[in-house]
Amino acid sequence: SRRRHTRYIGDWSSDVCSSDLDSRGLRSVAFPAISTGIYGVPIELASRALVEEAVRYLREAETQLERVVFCLFSEADLAAFNAELKRLPS
């Protein structure tokens, strides 16, 4: 179901962030908009899950990350992610 896949996206991105990104000295991480193709998760739900997890990690973790990249397929995907980013408090 879409709800299960959306939860998977959030869990997956959380696992990536909680892995040893910083112990490896990484300065950037890239997230693909997973499950939005064949699994049919709406890009609006995927963008919310990925943006929320990336922001949570950057705010709460002691991290060396300088850049988070969202790998997207289309202009519509970009618009959805931009909409999510605009929702963030300053």
Side-chain angles (χ1 to χ4, degrees):
S1 75
R2 287 182 178 174
R3 180 178 296 166
R4 187 180 83 233
H5 287 292
T6 303
R7 191 174 10 185
Y8 166 77
I9 294 168
D11 291 348
W12 173 80
S13 58
S14 179
D15 289 347
V16 170
C17 287
S18 64
S19 68
D20 57 352
L21 292 175
D22 293 306
S23 67
R24 294 181 188 194
L26 299 177
R27 301 270 187 213
S28 65
V29 63
F31 291 104
I34 61 170
S35 295
T36 59
I38 195 166
Y39 291 110
V41 173
I43 191 67
E44 294 79 13
L45 296 177
S47 62
R48 179 166 294 155
L50 289 168
V51 168
E52 284 178 356
E53 182 56 32
V55 169
R56 183 202 62 76
Y57 182 78
L58 291 170
R59 287 185 175 157
E60 295 177 6
E62 292 183 27
T63 182
Q64 300 173 22
L65 285 179
E66 297 172 354
R67 183 171 68 161
V68 175
V69 176
F70 297 107
C71 304
L72 309 173
F73 182 73
S74 68
E75 291 293 323
D77 294 352
L78 180 60
F81 273 77
N82 280 336
E84 276 307 310
L85 292 168
K86 287 179 183 175
R87 288 178 12 129
L88 295 174
S90 315

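Sequential numbering from 1 along the given sequence is applied to the chain's residues.
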Check against side-chain contact (heavy atoms from CB on, under 4.5 Å), Tyr57 and Thr63: CA-CA 8 Å; Tyr57 182 78; Thr63 182; 3.6 Å; yes

side-chain contact (heavy atoms from CB on, under 4.5 Å) between Val29 and Val69, worked out: CA-CA 6 Å; Val29 63; Val69 176; over 6 Å; no

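Nearest heavy atoms, Ala30 versus Pro32: O-CD, 4.0 Å.
Within the structure, every pair that satisfies the side-chain hydrogen bond (donor to acceptor under 3.5 Å, both in side chains) test and touches residues 67-77, not counting sequence neighbours, is listed here: Ser74-Asp77.
Under the side chain to side chain donor-acceptor pair (under 3.5 Å) criterion, Ser28 pairs with no residue at all, not counting sequence neighbours. Taking the side chain to side chain donor-acceptor pair (under 3.5 Å) definition, one finds that Glu60 meets it with Arg56, sequence neighbours left out. In terms of the salt bridge (Lys or Arg N to Asp or Glu O under 4.0 Å) criterion, Glu62 has no residue partners (sequence neighbours excluded). Taking Leu88 as the reference, Val51, Val55, Leu85 meet the side chain to side chain contact (heavy atoms under 4.5 Å, CB included) condition, with sequence neighbours excluded.
In this structure, Phe70 is not a member of the same hydrophobic cluster as Phe73, with clusters built from ILVMFWY side-chain heavy atoms closer than 4.5 Å.
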Check: residues 40-50 side-chain donor-acceptor pairs under 3.5 Å, at least two apart:
from  : atom 1 : to    : atom 2 : distance (Å)
Ser47 : OG     : Ile43 : O      : 3.0
Ser47 : OG     : Glu44 : O      : 3.0
Arg48 : NE     : Glu84 : OE2    : 3.3
Arg48 : NH2    : Glu84 : OE2    : 3.2

